[in-house]
Amino acid sequence: MRITDLLKPKAIEIGAKVKDKEAAIEKLVSLHDKCGNLKDKAEYKKGILKREEMGTTAIGMEIAIPHAKSEAVKAPALSAITVPDGVDYGSPDGEPCKLIFMIAATTDGDVHLEVLARMMQMLMDMDFTAKLKKAKDAQEFLKLIDEKETEKFPEESKKEEAKKDDKKDKKPETKAAAGDGKIRVLAVTACPTGIAHTYMAAEALSKAGEKMGITIKVETNGSGGAKNVLTAKEIEECDGIIIAADKSVETARFDGKPVFSTKVADGIHKPEELINKIINKEAPIFHSDKKAETSSSTGNESFGRRLYKHLMNGVSHMLPFVVAGGIFIAIAFLIDAACGVEAAGNSAFGTVNPVAAWFKTIGGYAFNFMLPLLAGFIAMSIADRPGLLVGIVGGLLASNGATFADPGAKSAVPSGFLGALLAGFLAGLLMKLFEQLCEKLPAALEGIKPVLIYPLAGLGIVGVMMCAVNPVMAVINTGLNNGLTWLSDHNLGILLGCILGAMMSIDMGGPFNKAAYVFGTGMLTTAAGTADPAVQQVCYQVMASVMIGGMVPPIAIALSTTIFGKYWTADERKNGIVNFIMGLSFITEGAIPYAASYPLKVIPSCALGAATAGALSWAFGCTLMAPHGGIFVIATIGQPILYILALLIGAVVGALMLTLLKSIGADKKK
C-alpha cells in the first residue's frame with residue numbers, strides 16, 4: 001500500500017504552530033478526525049498516548065512517527081505536519097522534531113508496520129526530508145512523497161518507463177554478474193521490535209553501498225517476517241555477509257562465507273565501516289554445524305559476550321518458575337505466620353496450616369524446576385537441542401547432590417546453584433564436542449542420532465560428570481554458605497548489601513544487574529534447601545538487598561523530575577511520574593531512557609542511592625522471601641517499615657545527587 005494512498009491533502013498541515021508534544025499529538029489526531037478516518041477521536045488518542053508511554057516515537061533527524069492500532073480507526077490512514085520552529089518530542093538525539101507523521105491503523109493486520117517500514121526507508125534520505133520540511137503547501141508535500149515513493153519502490157509504479165529509469169539509476173539495487181570482479185556484499189538487519197531500527201539499518205547500509213559503488217542487498221527481519229530474503233545463489237556468489245542484529249537470525253545458510261556480526265545500531269551509524277570489513281577481508285569465516293545456528297554463534301563475537309548470552313538463555317527460561325514458585329512459597333509462610341505458627345527453628349513452618357501446605361507444595365514444584373531449567377537452557381544454547389537433556393539432568397543432579405557413592409542422594413550435600421551453572425556450561429560443551437565426533441559416523445545413522453545416540457551418550461556423559469563434580473561443588477557451596485554467615489556475624493554483611501545494591505543499578509538490566517539478581521535468587525534456593533535458621537536469615541537478607549537496589553533507580557529519577565522539574569524537559573517530567581510505579585514494582589528498566597540520555601549523571605547517582613539502600617536494608621536486618629514483586633510483596637518482607645525507610649533514604653540520596661549533577665550541566669548550558 002502506497003503512502004500517497006493513505007495521506008489526504010486535508011490531513012496535512014504545513015507550518016503548524018505547536019508548543020509541545022501533547023499539542024502536536026492533538027493536532028495530528030484532529031487532522032485524522034477532520035478527514036473522517038476515525039470512529040472515536042478520544043479513543044484513538046488514548047491509543048497514541050499509550051504507545052508514547054512505552055517510549056518516544058521520535059526517531060531522530062528531526063522526525064517523529066507516532067502510531068497506534070485501534071478499534072476507533074475506520075481504515076488505515078496518515079496525517080502529517082511540518083513544524084518550522086520545532087517541538088520537543090523526546091528525540092533520542094535531543095533535537096526538536098520538525099516533521100511528524102501519524103499512522104492510524106485498524107486492529108486487523110499489520111498495515112501500520114508495513115507503512116512504518118516503508119517510511120523509514122524513505123526518510124533516511126536527508127535531502128528528501130529537507131524538501132518535505134520546506135514544502136509550501138500540502139500539494140507540494142504529497143508530490144514530493146509520490147516522487148520519492150516511485151523512485152524508491154519502482155515495482156509499484158504504474159508507469160513501466162519510470163520503472164526502467166529507476167533501475168538504471170539505482171546501481172546498488174541491481175546484482176552484479178558473477179565473476180565481474182565487483183565486490184558483492186549481503187546484509188541482514190534485525191532489532192528486537194522489528195520496526196524502526198531494522199529498516200533504518202537496512203537503508204543506511206544500502207545508501208553507504210551506493211556511495212561507495214558497492215553492490216549490496218539487505219534482508220530485513222522485521223516484525224512482519226523476513227523481507228528481501230537472500231537467495232542461495234546470492235549467498236554463494238557474495239564476498240561476505242554483514243549481520244547487524246540485536247536478536248537471533250538464521251545463519252546456517254552462511255556456512256563457509258565471511259560473516260561479520262554486530263549490533264543493529266552499528267548498521268545505522270557505521271555502515272561504511274561494516275562494508276569495509278567485507279571489502280578488506282576482515283570478517284572471519286563462519287562455520288555452521290548445519291543446525292539452526294543464530295547470529296550469536298558467529299566467530300567475531302568475544303568469548304565473554306557468548307558466555308553471557310548462554311547464561312542469559314538459561315536465566316530467562318528459569319525466571320518465571322522462580323518468581324511464581326517463590327511467591328507461592330512466600331504466601332505459605334505468611335499464612336502460617338498469620339495463624340500464629342512460630343517460625344524460628346521450625347522446619348515445618350509453611351506447611352502447618354493445610355492452606356499454607358497447599359501453597360508451599362505447589363510453589364515447591366515450580367521452584368524445583370529452577371536449577372534443571374537453568375542448566376538445561378544454558379546447555380541448549382551451546383549445543384542446540386541435543387544439549388537440553390544433558391543440561392536438565394545435570395541441573396537435577398546438582399540440586400540433589402548425587403555422587404558415585406550415593407547416587408540416590410540420600411545423605412549427599414547438594415552442589416546447588418553453582419553446581420547447576422557448571423552443569424549447564426560443561427554439559428553443553430561436552431555435548432557439542434560429542435556432536436562433532438559423531439559427524440564421522442556413516443550417513444545411514446543420521447536419522448537415529450537425535451533420538452538415540454545423542455540422548456543415550458548425553459545421559460551417560462552428564463551422569464559421570466556430575467557424580468564426579470558434585471562432591472567438589474558441594475564443598476564450595478557449603479563454604480559459600482559459611483562465608484555468608486561469617487559476614488553477617490562480623491557485621492560485614494552491610495558491605496555485601498552495598499555491593500549488591502550498586503550492581504543492580506549500574507547497568508539496569510545488563511550483566512551486572514543480572515549477576516546480582518541471579519545470585520539473589522540462588523540464595524533463595526539455598527534457603528529452601530537448609531534447615532539452618534542462620535543461613536536462611538542471611539540468604540533472605542541477600543534477596544532483600546538485591547530487590548531494594550533494583551527499586552531505587554526509577555524512584556530516584558521520579559523524585560528528581562517531580563520535585564526539581566526545572567532541570568528536566570516536559571516529556572521527562574511527564575514520564576518521570578510513571579517511574580514511581582515502575583520502581584515500586586521492582587522494574588529497574590524504567591530508568592533506562594534517562595540513563596541513555598544522561599549516562600554520566602544518572603548512572604553514578606542511581607548507583608550511589610541503590611548502594612545506600614542495599615547497605616541500610618542489611619543493617620536493619622530486613623529479609624525477603626519472594627524473588628520479585630517490589631512493594632507489592634511487602635507482606636513477605638521482614639522488618640517492612642525499616643525496609644521502606646531504607647528504600648526512601650536510598651531514593652532521596654540518588655535523587656539529590658542526580659539533581660545536583662543536572663543543575664551543574666544546566667548552569668554550563670546557560
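To the nearest 0.5 Å, atoms OH (Tyr598) and CD1 (Ile603) are separated by 14.0 Å. With rounding to the nearest 0.5 Å, the separation of OG in Ser605 from CG in Leu661 is 4.5 Å. Note that CE of Met551 is 13.0 Å distant from OG of Ser505, once rounded to the nearest 0.5 Å.
Classification of Lys8 and Glu13 as a salt-bridged pair fails, no side-chain N sitting under 4.0 Å from a carboxylate O. Glu53 has no carboxylate O lying under 4.0 Å from a charged side-chain N of Lys50, or vice versa, which leaves the two without a salt bridge. At a threshold of 4.0 Å, the pair Lys143-Asp146 does not count as salt-bridged, since none of the basic side-chain nitrogens sits closer than that to a carboxylate oxygen. Between Asp88 and Lys21 there is no salt bridge, since no side-chain nitrogen of the basic residue lies less than 4.0 Å from a carboxylate oxygen of the acidic one.
Exactly one of Leu205, Leu230, Val188 qualifies for a side chain to side chain contact (heavy atoms under 4.5 Å, CB included) with Val218. That residue is Leu205.
At a cut-off of 3.5 Å, with distance as the only test, no side-chain donor of Thr220 or Thr189 sits close to an acceptor on the other residue. When only modelled atom types and interatomic distance are considered, Tyr89 and Glu62 share no side-chain donor-acceptor pair under 3.5 Å. Glu52 and Thr57 share a donor-acceptor pair across their side chains, judged by distance under 3.5 Å alone. A donor-acceptor contact closer than 3.5 angstrom is absent between the side chains of Thr150 and Glu147. Glu210 and Ser206 form no side-chain donor-acceptor contact under 3.5 Å, judged by distance and modelled atom types alone. Donor-acceptor pairing under 3.5 Å is lacking for the side chains of Lys270 and Thr262.
Summarising the local packing, CD of Glu26 is surrounded by more than 12 heavy atoms from other residues, nucleotides or ligands at distances under 6.0 Å. More than 12 heavy atoms of other residues, nucleotides or ligands lie within 6.0 Å of NZ in Lys41, so this atom counts as buried by the packing criterion.
Taking the ring axis of Tyr567 as reference, the NZ or CZ atom of Lys662 does not stay both within 45° of it and closer than 6.0 Å to the ring centre.
Residues forming a side-chain hydrogen bond (donor to acceptor under 3.5 Å, both in side chains) with Glu71 (at least two apart in sequence, or on another chain): Thr107.
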